[in-house]
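Down below is the structure, laid out as C-alpha cells.
Letters A, B, ... mirror the listed sequences (proteins, then strands); counts begin at 1.
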Protein chains: 2
Amino acid sequence: MRLTEKKLTSILRQRGYRLTPQRRAVLKVIALSSDHLTPAAIYERVRRKHPGIGLVTIYRTLAVLAELGLICEVHAGGSCRSYLMRKPPGHHHHLICSQCGRVVDFSDCDLGGLEQRLARENGFKIEGHLLEFLGLCPACQKSAQA
Amino acid sequence: MRLTEKKLTSILRQRGYRLTPQRRAVLKVIALSSDHLTPAAIYERVRRKHPGIGLVTIYRTLAVLAELGLICEVHAGGSCRSYLMRKPPGHHHHLICSQCGRVVDFSDCDLGGLEQRLARENGFKIEGHLLEFLGLCPACQKSAQA
DNA sequence: CAGGTAAGTGAAAAACGTTTTCATCTACAC
DNA sequence: GTGTAGATGAAAACGTTTTTCACTTACCTG
C-alpha cells in the first residue's frame, strides 16, 4: 500500500489532524532514509528544504506520526535515545549493528509460545513486546579485521 | 553466589575501582528493591541513610556498577528512560507492567534458532539481544475492571 | 600502622534533550 | 471567500545527565 497524499490526509483527518507542509516534509525525510534517525537528525535534514521549520515542530510531528503508527521508535542498543524509522507493515523487530548503527527489520519472531507461557505463569495480560538483536553487520565485521 | 564485602571489593579492584561507603549504599538500595528504580529514586533512598551524598555520585556509581555487570538497565515500555535493577544470574529478560511499572524477570527465552537464522540471512555476527514483554500485571488487571 | 597517591566525592554550573507557553498563522469544512 | 480548530515558531521552562574543580579518602607500600 503506497501512501498517497490523499490517503495520508485521510489518515490524519480521521483523528482530527491536518496535513501541513511540515508534516509532509518530516514524513518524507523518514521515508527516504533507510536508517533510523534522531529527532535532531530529522530536524537537520528537513531544514535543508524547509529552513524556517522549528525543532518543536519536529517533536510534535514525530509524536503524531508515531501515534498514527506511520513511524516507530528504536531503542538502539546501549544508547537509550529513541530513534525513529519508517515502519513497513505491522508487527516487526530490529537487528541493529552495534558499531555503525545500521538497522535491519524482521517480522517473524515466533514468540507466541513464550508469550502464552509467561502470561500463564505470571498472570500478566500481555499486550506487546520489544525484541532487538545487537551485533556486527557484514561491513563492520570486515573493517574490524583490519 | 552471595556478594560478600570481600568479593565485591575484589571485583571493583580488578578494574581499578574502590569500594566506598557510597557505592556500598547504592548497591544495597538496588539489591533490596524488587523493582527497577530511576537514578532519582535511588538518590532519594540512599539519602535516607546517607544524607550528604550527591546525585552526581549516584550517576557515577550506576555507570561503574553497570560496567561491572552488577546491575542492568531496563527500557520500560514507551518511556525510554533507563531504569535499573538488580541482576540475578546471567542472561535474562523482563516482563513489564505498562500501568504500574512492575518488572518480572525471566531467563529462558529460547531465541537461539531465530538468532541463527537472522545471522545467516543478514550476515550479522549477533552479540546479544533485548527482549521485553509489555502487559498488565494481575493487580492492574483487577483495578482496570473497576 | 602511618604516609603517599590515585581514585572518588560533592557542589555548582554547564550541557543536553524535550516540553510548555503564547501569539500568530493556516488547512480545510462550510 | 470566511471562520475556526488546529498547527506553527520562538523563547523560555524543565528535568536529566555530564563536566569541572577543589577537597577528601580508600587502600597499596613499606
Could you check how far CG of A:Leu62 sits from P of D:dA7, rounded to whole Å?
-> 15 Å

Is A:Ile126 linked to A:Leu111 within one hydrophobic cluster, defined over Ile, Leu, Val, Met, Phe, Trp and Tyr using a side-chain heavy-atom separation of less than 4.5 Å?
-> yes

Roughly, in whole Å, what's the span from NE2 in B:His50 to C1' in D:dT24?
-> 14 Å

Rounded to whole angstrom units, what separation is found between the CG atom of A:Leu12 and the C1' atom of D:dG6?
-> 12 Å

Residue pair B:Gly16/B:Gly52 against DNA chain C: nearer the 5' end by closest nucleotide is B:Gly16

Answer yes or no: does a side-chain N or O of A:Tyr59 lie under 4.0 Å from OP1 or OP2 of C:dT19?
-> no

May I ask you to evaluate whether A:Arg60 reaches the phosphate of D:dA7, defined as a side-chain N or O under 4.0 Å from OP1 or OP2?
-> no

Greater than 12 external heavy atoms within 6.0 Å of B:Glu67's CD | yes

Between B:Tyr17 and A:Pro21, name the one whose nearest nucleotide on DNA chain C is closer to the 5' end.
-> B:Tyr17

For A:Ile53 and D:dA10, what is the distance between atoms CD1 and P respectively, to the nearest whole Å?
-> 10 Å

From CD1 of A:Ile58 across to P of D:dA10 the rounded distance in Å is 12 Å

Do A:Leu12 and A:Arg18 have side-chain heavy atoms sitting under 4.5 Å apart?
-> no

Report yes if the side chains of A:Cys137 and A:Gln141 come closer than 4.5 Å at any heavy-atom pair, otherwise no.
-> no

Distance check: side-chain N/O of B:Arg18 vs OP1/OP2 of D:dT25, anything under 4.0 Å?
-> no

To the nearest angstrom, how far is A:Arg24 atom CZ from C:dA27 atom C1'?
-> 10 Å

Does a side-chain heavy-atom distance below 4.5 Å link A:His129 with B:Glu132?
-> no

Roughly, in whole Å, what's the span from CG in A:Leu55 to C1' in C:dT21?
-> 16 Å

Return no unless some side-chain N or O of B:Arg13 is found under 4.0 Å from OP1 or OP2 of D:dC28.
-> yes

Can you check whether B:Gln22 has a side-chain N or O nearer than 4.0 Å to OP1 or OP2 of C:dG10?
-> yes

Touch check for A:Pro51, heavy atoms < 4.0 angstrom, all strands: base, sugar-phosphate only, or nothing?
-> nothing

Mind calculating the distance between CG (B:Leu37) and C1' (D:dT16) to the nearest angstrom?
-> 16 Å

Below 4.0 angstrom from OP1 or OP2 of D:dT8, is there any side-chain N or O of A:Thr20?
-> yes

